[in-house]
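Whatever order the structure lists them in is the order used to number ligands and atoms, beginning at 1.
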Amino acid sequence: PVIRREDYEPYPWIVPETELDFALGIGSTRVAARLKIKRNPGTESTSPELRLNGDGLTTEMVMVDGARFGDWSMDEGDLVVNLPGESHTVEIVTQIDPSANTALMGLFASNGMLCTQCEAEGFRRITFFPDRPDVLSTYRVKMSGSKDRFPILLCNGNKVGEGEGDGGTHWAEWHDPWPKPSYLFALVAGDLVANSAPFTTRSGRVVECNVWVREEDLARTDHALQSLHRSMKWDEDVFGREYDLDLYNIVAVSDFNMGAMENKGLNVFNTKYVLADPDTATDADFDAVEGVIAHEYFHNWSGNRITCRDWFQLSLKEGFTVLRDQLFSQDVQGEAVKRIEDVRILRAAQFPEDAGPLAHPIRPDSYREISNFYTATVYNKGAEVIRMMRTLANFGGQVDNFRKGTDLYFDRHDGEAATCEDFITAIEDGTGLELAQFRRWYRQAGTPRIAVRQTLGDDGLDVTFRQTVPDTPGQRNKGAMHIPLRVAVHCRETGALGAEQLIELRQDEQTITLPLSGPFPVLSINRGFTAPVIIERELDSADLVFLAAKDDDPFARYEALQDLAVRHLVAAASQQLDQAGRAEGKRLVCDAFRSILTDPELDHSMRGELMMLPSETYLFEAMAGSDPAGIRKAEPLEIHKEREQLKTVIGVTLKRELEGLYAQVADVPYDDPAGRGARKVKTQIAALFAASDPERAAIMASRQFDQADNMTDRQGALMVLCGLKHPARDERLQAFYDRYQGNALVIDKWFTLQALSLHPDVLSHVKALAEHPDFTMKNPNRVRSLYMAFAGNAHAFHAQDGSGYRMIADVILALDPINPQTAARFVSPLGRWRRIESVKAGLMKAELERIAGTEGLSRDTFEQVSRSLDG
Ligand code: ARG
Ligand code: ZN
């Protein structure tokens, strides 16, 4: 069935108290639930029906008000009890098998321990309950189990009792004073050790912070713990939010569908976002740990204290929390580079989604399976939308104005299950902004495109903006958006940089006159990526070169460079360029690159960022999307070929500059303040040489690999080697494997590097790796490390004969019965068929049809495949 946003109705009952009693066992766990229920005074319903959600549960016994009760039935997994009267105590006993739970939703076993994942609808796989986010309850949980197997017993809130039981068992009782929806419930039982350090909040509360892991991982938990402390301090300083329990537990598990989960007082994390040390984690891994730790911590206010009324409001907590973690990381890691990275992610993951069959507004209107809506749109575009409100509120000196809005929101809705509309209203009331038209960002899917024309007028630069929001599945003829843009007008002649101003577009077409700073105006637009839009404009290459070299906004500078490369690559891949045009395009990119390589003002982190050519996904979108009639299709293999060729030309043309730079960065020590930037630049250079001079690159990368004292250098070198047909490739791959055998997260990297490589035989490598003893379909990290990497490797995935598509379709079919949530994530790469050249489109569509025609598909995969075929 399709669930619709407009059909929301409050639950007819409230559940003030929930008591759970778990008798834990890996193969069998008994759950006794006791719910205090009352009629919800906010609803009129007088129906005696009490519907409790269940999924795959069998009912052993139902008791009402202390006596066995017979008036109940089952409906599609739900338990329906007929209860006349105002208030009751309902007791239910169920039995579940965590070891058989390969979907990893509900209570499951991982590495001998038991843990839970309840968001969005996993709690119903544990016990019968109104499993919806607007039913808040206070939980008291008793758990007992083997002392040997489960020496540590954790749950939400505070431990209020513990003791010994019969036959080598022990028990613990936990109480969470904060009412919460069932999706925030968590329980963990296992043989774990903690890295602990207290944090004192601004009002003097001493919070015991623990990062729980298996003993052998303990040495890799310091960064996570420190990141938690930094997050706690930052949320006090920047959003005025303080932690509200005496205990904060984080547990790392190795089998997990997603990154992490913000359960109240007991976050459960994928090990990938907890464990880090220089020998096993890259600089990017360290940043990801810090970002996810912060994200889950920030949810305590944006998510837990204020939760969502229904799952259509998911972006209320996710968009806002992503923005909060991005702002935190900007403060810790540096604003310019972090902003560029976040935009790169948005363009690589969200823009394609917004342009394809799975496009949906940040607040969707309908779904079949909510797990399919934990998307880049809800998360990352959601964050961009709130970031625009922040820009509108704060621009021009009123730095704290947005904070007035968020303070009001936290204050007004604390303890509630709220809506996106509540959030917007609080921001309006707190800041004084008027956001009526802005609300369209919540309703309308699709990335707005803004065509920009400029003419030199008498009073300045007359700039005409024409905005369109493309049609998306179920939505056409959309209204104009309210779009803020930070702009400035520089002068190419004098080099004068114009003052920045904020303009607000509200109409389909409008002309704004901007002040000049000199005779040769160059417009710098969407600075800092103010709005998640696509700017289309005819700009002189000379202007782009000027912006790339001189703009005072680091993002605009990056953008100008990207534009130069995108223009050239899209034109070349669509065969629009003659010999001279090709040469000219390459020359321009090389000139811009030269200034990046040699600019003494740039720090290496930013240099490394600027050296990254636009991703193939982004180019794919640019190629298919640049034709308003939708006739032009993307040709991924052409894009790939041109992009590799451009790397070759850069490597040849700038050999001397690259060598010079390499000498500067090659031996910067790991702990040097410039170390990180140096490592980034170093690997980029080796990657360019891999295209221009493979022999030289093999020597360079082998040396880097052999001398590395950290994972960033080692992985970077191995990445370069993996793409080469050179004996050093297999030697170093083997050395890497031998060194890290048994370390799951590092072995994931070993799989990924081979699946992502530029090597012509990737497909056969991946087929062989699928037979490797370390490969398993049961572990999501391992599956993604091999097959997500492959699906993102354009030259292999889009192989002319369709073998790449077939491989991913086979993965979906094999994985669906094991772990539907993860299987469904593999559908979107195939779903891009409509924007692709017709031979490949036909092959992709045929694979989707093959999946659709398979009996017994999960709801998750079925929904994604049918949307991909229909949209
Ligand atoms: N709330 C979690 C987070 O963002 C993610 C939960 C994902 N759930 C899912 N069914 N995919 O931090
Ligand atoms: Zn989240």
Undergrad: For the rings on Phe320 and Phe423, is their centre-to-centre separation under 6.0 Å?
TA: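 Yes, the ring of Phe320 comes within the 6.0 Å limit of the ring of Phe423, centre to centre.
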
Undergrad: What residues form a side chain to side chain donor-acceptor pair (under 3.5 Å) with Thr617, not counting sequence neighbours?
TA: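 Side chain to side chain donor-acceptor pair (under 3.5 Å) list for Thr617, sorted by chain: Ser615.
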
Undergrad: Tell me, with the steps shown, if Phe185 and Leu20 meet side chain to side chain contact (heavy atoms under 4.5 Å, CB included).
TA: CA-CA 11 Å; Phe185 170 83; Leu20 302 172; 3.8 Å; yes

Undergrad: What side-chain donor-acceptor pairs closer than 3.5 Å can you find for residues 811-818, not counting sequence neighbours?
TA:
from: Asp816; atom 1: OD1; to: Ser858; atom 2: OG; distance (Å): 2.6
from: Asp816; atom 1: OD1; to: Thr861; atom 2: OG1; distance (Å): 2.6
from: Asp816; atom 1: OD2; to: Ser858; atom 2: N; distance (Å): 2.8
from: Asp816; atom 1: OD2; to: Ser858; atom 2: OG; distance (Å): 3.4

Undergrad: Quick check: of its N, O or S atoms, which one does His295 have closest to the Zn ion (ligand 2)?
TA: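 In His295, the N, O or S atom with the shortest distance to the Zn ion (ligand 2) is NE2.
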
Undergrad: For the Zn ion (ligand 2), decide whether Glu318 has an N, O or S atom at a distance under 2.8 Å.
TA: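 So Glu318 does bind the Zn ion (ligand 2) by this criterion.
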
Undergrad: Among all residues two or more places apart in sequence or in another chain, which pass the side-chain contact (heavy atoms from CB on, under 4.5 Å) test with Asn53?
TA: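 Listed in chain order: Asp78, Arg124, Asp131.
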
Undergrad: Applying the salt bridge (charged side-chain N to carboxylate O under 4.0 Å, His left out) test to Glu119, which of Lys317, Lys264, Lys180 qualifies?
TA: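 For Glu119, the salt bridge (charged side-chain N to carboxylate O under 4.0 Å, His left out) test succeeds with only one of Lys317, Lys264, Lys180, which is Lys317.
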
Undergrad: Could you tell me whether Asp407 and Arg241 make a salt bridge, using a distance below 4.0 angstrom between a side-chain N and a carboxylate O?
TA: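 Salt bridge: yes.
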
Undergrad: Who are the residue neighbours of ligand 1 when the rule is a heavy atom under 4.0 Å from any of its atoms?
TA: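 Residues within 4.0 Å of ligand 1: Glu119, Ala120, Met258, Ala260, Met261, Glu262, His295, Glu296, His299, Lys317, Glu318, Ser371, Tyr374, Tyr379, Gln821.
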
